Amino acid sequence: MRDEIAAALAAARVGVLLVSPSFLASDFIAERELPPLLEAAEKGGLTIVWVPINASSYTKTPIADLQAAHDPATPLDSLSEAQQNKALVDICRKIEAAYSGS
């Protein structure tokens with residue numbers, strides 16, 4: 001399973017991070033998944049799009065320097081259902097644009 005994850009990370013053009021306190025607390029993510037994504041992004045072969053799902057201490061992590069696909073001051077779980085739907089459409093557009101290289 002880890003080999004499959006490593007291969008998928010190496011081949012990715014866009015990395016979508018769904019950021020929550022659980023995401024940030026995950027040793028597996030911090031040690032195995034995030035470093036190759038950040039390295040690929042630094043080299044220019046990958047675009048990282050991160051989405052604030054819940055309020056979190058993301059500012060104390062390497063993703064703090066990356067552009068969020070949605071305003072971290074209003075994470076998705078703080079929005080009404082209608083606002084969430086609108087935000088998700090916007091986030092999908094940003095992911096699509098990142099994938100197409102726009």
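Count residues from 1 along the sequence. Quantities reported herein were computed from a predicted structural model and do not represent experimental measurements.
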* In terms of side-chain geometry, is the basic nitrogen of D90 or K86 positioned less than 4.0 Å from the acidic oxygen of its partner? -> no
Heavy-atom closest pair (P21 atom, A55 atom, distance to 0.1 Å) is CG-O, 3.3 Å
Value for CD1 (I48) from CG (L38), rounded to nearest 0.5 Å, stands at 4.5 Å
Contact between L17 and L37 at the side-chain level, heavy atoms closer than 4.5 Å - yes or no? yes
Output for pair (Y58 OH, D65 CG), nearest 0.5 Å, gives 10.5 Å
For I29, is there any backbone N or O sitting under 3.5 Å from a side-chain donor or acceptor partner on S26? yes
In this structure, CZ of F23 is separated from CG of L18 (nearest 0.5 Å) by 8.0 Å
For A98 and T47, the nearest pair of non-hydrogen atoms, with its separation, is CB-CG2, 3.7 Å
Tightest non-hydrogen contact, residues D71 and P52, listed as O-CG, 3.9 Å
Correct closest heavy-atom pair for S20 and S56 would be C-CB, 4.2 Å
**Prompt:** Under 4.5 Å between any side-chain heavy atoms of L88 and L76, yes or no?
**Reply:** yes
Smallest heavy-atom separation, L66 atom then W50 atom, equals O-NE1, 3.1 Å
Applied to residues 60-96, the ring pair (Phe, Tyr, Trp, His ring centres under 6.0 Å) test, sequence neighbours excluded, yields none
The side chain to side chain donor-acceptor pair (under 3.5 Å) partners of Q83 (sequence neighbours excluded) come to S80
dist I95:CD1 -> S100:OG (nearest 0.5 Å) comes out at 12.0 Å
